[in-house]
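All values derive from a computational prediction rather than experimental measurement. Lettering of chains follows the sequences in order, A, B, ..., and the numbering in each one begins at 1.
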Protein chains: 2
Amino acid sequence: MIGVHPAWLPASAFRAIGSRRTRVLGEGPVVATVRGEIGAAAAEHGGALVDDGPVDLELVCAPDAGETDPEAFVVGRAGTTTVVRAVDGPGLLYGFHHVVRLGESAFAGEAPPKRHAPRQPVRMLDHWDNVDVHPVMGQVERGYAGGSIFYADGAVRADLSRTRAYARLLGSIGVNRVGLNNVNVHRTEARLLTDLLPEVVRLAEVFRPHGIRVHLSVSFAAPITLGGLPTADPLDPAVRDWWARTTARVYAAVPDFGGYVVKADSEGQPGPFAYGRDHADGANVLARALAPFGGTVFWRAFVYDHHQDWRDRSTDRARAAYDHFAPLDGAFDPNVVLQVKAGPVDFQVREPLSPVIAAMPRTRLAVELQVTQEYTGQQKHVCHLVPQWREMLGFRPWGDDRPTVADIAAGRAAAPGGGVVAVSNVGDDPFWTGHPLAQANLFGFGRLAWDDRVASEAVLDEWIGLTFGETTAVREALHEVMGGSWLTYERYTAPLGVGFMVNPGDHYGPSVDGYEYSRWGTYHFADRDGVGVDRTRATGTGFAGQFPQPWREVYESVETCPDELLLFFHHVPYGHVLHSGTTVIQHIYDTHFAGRDEVARMADTWAKVEGHVPSEVYERVAALLAEQLRCATEWRDQVNTYFWRKSGVPDARARTIH
Amino acid sequence: MIGVHPAWLPASAFRAIGSRRTRVLGEGPVVATVRGEIGAAAAEHGGALVDDGPVDLELVCAPDAGETDPEAFVVGRAGTTTVVRAVDGPGLLYGFHHVVRLGESAFAGEAPPKRHAPRQPVRMLDHWDNVDVHPVMGQVERGYAGGSIFYADGAVRADLSRTRAYARLLGSIGVNRVGLNNVNVHRTEARLLTDLLPEVVRLAEVFRPHGIRVHLSVSFAAPITLGGLPTADPLDPAVRDWWARTTARVYAAVPDFGGYVVKADSEGQPGPFAYGRDHADGANVLARALAPFGGTVFWRAFVYDHHQDWRDRSTDRARAAYDHFAPLDGAFDPNVVLQVKAGPVDFQVREPLSPVIAAMPRTRLAVELQVTQEYTGQQKHVCHLVPQWREMLGFRPWGDDRPTVADIAAGRAAAPGGGVVAVSNVGDDPFWTGHPLAQANLFGFGRLAWDDRVASEAVLDEWIGLTFGETTAVREALHEVMGGSWLTYERYTAPLGVGFMVNPGDHYGPSVDGYEYSRWGTYHFADRDGVGVDRTRATGTGFAGQFPQPWREVYESVETCPDELLLFFHHVPYGHVLHSGTTVIQHIYDTHFAGRDEVARMADTWAKVEGHVPSEVYERVAALLAEQLRCATEWRDQVNTYFWRKSGVPDARARTIH
């Protein structure tokens with residue numbers, strides 16, 4: 001068996017800290033983790049974990065009247081000692097990893113004490129892992145890195161060493177919650193809430209020393225399927241009691257249990273609609289069961305008609321979450337977090353913001369991102385998503401100088417915040433993420449969730465340094481391969497924000513009409529004259545009107561709509577001239593030729609690092625870049641041919657269109 | 001559990017024969033079957049099976065110097081006795097069922113003795129049944145009637161009563177060979193040839209009393225996978241010996257074993273190409289193993305490049321079988337039958353004849369049809385295929401007054417014939433075929449294989465009478481619903497012979513571009529100006545040139561090419577005027593509106609038989625007609641919208657196109 005890749009925590013990443021004399025003061029399981037890290041690093045690099053005497057580094061976990069955030073830390077350097085102080089284990093752990101990332105520079109010069117605290121209260125990873133292998137979706141739904149690290153052979157793994165290593169990785173980047181199972185809750189998975197609870201206890205024990213609370217995805221129908229009740233009506237007293245009793249049992253077993261994650265009345269999952277109740281009724285029954293224990297329910301806003309009629313151009317999936325949820329603002333209990341996908345459709349390479357995020361000032365909102373690359377190359381393509389998330393989290397729904405999306409999620413706008421949640425991209429693959437470079441997306445998610453203001457190139461640089469060390473050639477090559485890869489992916493796939501055009505079902509590779517006549521509400525409406533979805537108030541579905549000013553006006557007009565979202569908001573002729581100065585059809589041709597050629601250059605660049613990175617990493621990435629080039633070529637040719645056949649407009653540069 | 005439907009052999013079908021005094025003379029397992037049938041019918045209807053005294057019906061199995069065909073029978077009536085004579089059990093069984101089908105008219109007036117013999121030597125049904133449930137393809141590949149009647153839970157069923165009832169049905173329509181397992185031979189299925197052979201013995205015992213020999217589909221790689229040899233090279237002596245020894249063991253267990261069915265070097269199945277050998281080398285090594293025992297190898301000609309590049313318009317899947325096999329004419333051993341799909345692509349609702357069938361005068365050829373409705377509605381749609389098969393078998397590749405396809409298959413043209421083979425449509429569904437009316441396709445296959453000259457409406461009429469009795473209203477309604485259903489299906493699906501346009505993978509429902517950019521070689525090349533595949537010699541792939549005269553000229557010219565195959569052979573503008581007088585685009589609109597409306601009328605007609613057919617049949621068919629109407633509406637709208645968006649040509653009759 002091949003060894004498991006250390007990701008961004010190889011022994012070399014601890015060289016600076018490991019060669020020092022360090023003292024750790026404090027108690028508790030997370031402090032013990034820090035102590036263990038120091039001990040291991042010192043053993044490797046010649047330093048020492050000491051109880052007294054002069055030290056280079058002191059990590060102190062102790063109460064401090066001025067600090068209430070258990071995740072905050074203060075780091076400073078006076079004389080020859082670097083000091084990290086925190087009031088609780090998590091803060092100390094995060095401070096420790098802060099010092100690890102600083103490397104030698106943590107131990108040079110002087111630095112006044114500086115407080116660091118996470119910008120987001122919740123930094124969560126949802127796992128779409130099934131206990132049983134699902135006949136269609138496999139063990140990890142939309143997973144591209146092998147099986148689950150939690151489950152095997154229909155049960156929680158006996159050997160949880162991979163989970164332990166994973167929890168360590170997450171703790172190092174500040175992730176503080178993990179959803180243990182798929183939001184589509186199947187039969188076996190539902191039982192994690194009841195008779196399989198002892199297995200959840202085992203997983204919680206693995207995550208706890210890393211400051212991470214576990215959540216379960218639960219089925220809204222659980223009172224029926226698990227409880228034997230005749231109904232799951234959230235207003236039925238017996239249902240309420242069942243949730244209360246069941247939840248109390250969970251907390252008896254897992255005192256720091258985080259709460260529930262629920263996908264209800266969505267894509268066939270059961271929900272409150274069956275009883276004539278709304279989503280607030282549904283969420284609140286769970287919230288009230290969790291409230292006595294400090295638990296939270298994450299209620300997903302991903303609700304839409306998945307039996308849409310393509311003939312009906314007035315229905316608009318993009319509108320659905322707002323239409324369902326905005327009227328319920330203020331109706332949710334304080335420990336309900338409405339978990340809203342960042343875009344209004346489904347994790348496409350380019351979408352506008354979901355307008356729900358700006359529409360519910362009296363509701364705790366979490367922004368949901370997708371680290372697993374469902375629509376962005378499935379961890380066969382390099383697609384570094386941190387710039388996308390950075391852009392989304394930094395978006396200002398009310399315009400300049402008003403709060404960002406990150407502010408809303410953090411509770412700095414109106415209501416208390418729900419944080420940032422993402423779907424994990426790991427599996428039991430030796431590289432964790434299938435594509436070794438996809439580790440950077442996981443790392444970057446944690447770092448952005450901690451502080452959305454950090455530059456994405458800086459996060460990438462951090463990840464490169466930790467993972468590959470300080471070789472300049474490798475660093476430059478990785479920036480070149482990864483830095484612009486999101487925009488490259490956009491160029492060779494669906495153009496100008498129109499989305500989809502993927503193969504139905506598996507969502508990999510091009511199929512321009514794959515979703516065009518389907519029930520999923522994802523259309524581009526290309527005909528011989530033009531392409532795009534009219535989502536204006538004036539003549540379209542009205543989706544643009546779900547945004548506050550200034551964006552409702554910006555998106556409404558073809559004159560002001562940003563190029564990259566033009567076809568998301570407008571149906572335009574192929575000859576329409578973009579702000580960039582080129583026509584839509586020529587833009588399609590140009591970007592598809594360019595995007596594919598960029599992949600070829602990525603492969604050339606990668607070839608230069610051979611011998612400078614571990615050979616198994618080199619080989620895996622090289623093989624995947626070959627597949628990415630094949631697939632990008634297919635995207636280029638199918639998209640170009642499709643629009644050439646439809647439009648009849650020749651490429652101005654007379655390149656080969658088949 | 002619901003009872004199993006009797007198909008076309010309900011007790012009522014035996015009323016005339018069962019009310020008579022009958023004598024059966026002769027010995028052997030098939031004669032015993034006839035005797036059993038008579039006994040059961042007499043018990044039901046008040047007749048008697050007697051050994052002496054005057055009789056109404058005498059069935060005599062005895063040698064006759066003038067008759068060499070064990071499947072032939074002579075039937076006549078003198079005085080008050082109807083007499084059936086045959087030289088062997090199968091002939092007697094077929095004569096018995098002939099009398100059953102005649103009903104009362106068999107016992108009226110006088111009739112001089114008349115000889116009946118099958119027109120085809122081989123009338124075979126291939127089962128694409130897997131022993132193990134395949135993760136993608138299920139238990140029956142392209143099966144639409146539940147699980148296998150042969151296999152369950154990874155083994156041959158303990159209870160073979162369904163197989164016994166099936167063998168009886170097949171014997172009644174003259175089917176004389178059955179292939180027991182899928183031509184894609186997976187791991188467990190391969191072992192039917194070796195350690196699972198005792199299970200094959202059990203199945204052979206069930207079929208034997210009905211005059212049916214069993215075949216096994218084998219993997220060309222069996223010498224490696226089962227035999228442990230390092231190679232499956234057909235010219236390797238050890239491989240030859242392995243096949244010889246293995247085959248001898250099969251015959252020791254099943255003395256009347258029919259032989260092998262092989263899909264080699266096709267869609268990923270192993271074959272002789274891996275060793276630099278050709279298909280004749282491959283087929284002959286098996287043929288020589290079978291020859292000492294009188295066995296036959298059915299070697300499928302379905303060989304093509306399934307990793308084709310859609311950009312390359314010169315490669316043509318339709319050409320592939322001819323290109324592979326025609327050069328090998330004369331190279332196959334006498335006990336090799338080359339099994340050729342009737343059309344050159346893949347069982348589409350409309351295709352020309354496969355030109356291979358007219359290109360190999362020194363090779364035994366079998367024509368392969370598909371009773372299972374893979375591309376023709378999957379037994380959710382009424383699609384009575386007998387008219388299609390009738391047309392194909394009656395096609396004259398060399399023109400008027402020259403042999404038909406049936407003549408070639410029967411050995412009346414040049415080489416000895418290989419017969420007619422079809423893929424079965426039955427499963428463990430209570431109605432055998434999912435759709436109760438799809439039973440008529442199975443019945444019709446057997447009847448056409450026996451005599452291709454019989455009118456398809458007559459075959460349908462026979463089936464209706466046997467299955468539903470003599471109620472005129474039911475008879476008329478069924479003719480109305482079923483008689484034209486093949487052409488109806490053609491109208492609402494892919495137009496003018498262009499084929500495919502189905503959802504990838506499952507092949508059900510419309511997806512106009514579903515296979516347009518795929519590797520499977522099935523394209524329509526629609527652009528804003530026109531549609532169709534240029535397969536001419538002059539400007540296209542040259543496929544038309546694979547036909548002999550007169551068809552190579554007929555198909556070559558857009559002037560003479562039959563409308564229904566126009567887009568199979570030509571890429572034409574949407575404004576091209578058909579022989580019918582309408583343009584291609586208007587034809588697409590007209591036929592799609594018409595076809596869908598015909599389905600609506602079929603449903604209305606069916607509603608009239610409520611109360612006149614068993615309610616479970618009524619309900620099942622009514623529910624399926626609702627699905628057919630939904631699906632036909634979807635076909636109509638997707639195809640019309642697709643071509644409207646592309647062509648921009650409005651419907652001349654201004655109907656709704658979305």
Which atoms of A/E516 come close to chain B, meaning under 4.5 Å heavy atom to heavy atom: side chain ones, backbone ones, both, or neither? side chain
I'd like to know which of A/R528, A/H658, A/E634, A/Q638 tops the heavy-atom pair count under 4.5 Å against chain B. A/R528
With a 4.5 angstrom heavy-atom cut-off, could you sort out which part of A/D637 is near chain B: side chain, backbone, both or neither? both
Would A/K380 and A/Y508 count as a cation-pi pair here, with the cationic atom under 6.0 angstrom from the ring centre and within 45° of the axis? yes
Heavy-atom pairs under 4.5 Å with chain A - which of B/P504, B/P135, B/S647 has more of them than the others? B/S647
If I measure from the heavy atoms of chain B, does A/T641 come under 4.5 Å with its side chain, its backbone, both, or neither? both
Is the B/Y304 ring parallel, tilted or perpendicular to the B/W520 ring (thresholds 30°, 60°)? tilted
Given B/Y489 and B/H381, is the ring pair (Phe, Tyr, Trp, His ring centres under 6.0 Å) satisfied, shown in steps? CA-CA 8 Å; B/Y489 189 85; B/H381 295 218; 5.6 Å; yes
Who wins among B/G514, B/G509, B/G505, B/A526 for the most heavy-atom pairs under 4.5 Å with chain A? B/A526
Is the distance between the ring centroids of B/H592 and B/W635 less than 6.0 Å? no
In terms of ring plane angle, is the pair B/H507 and B/Y375 parallel, tilted or perpendicular, where the classes change at 30° and 60°? parallel
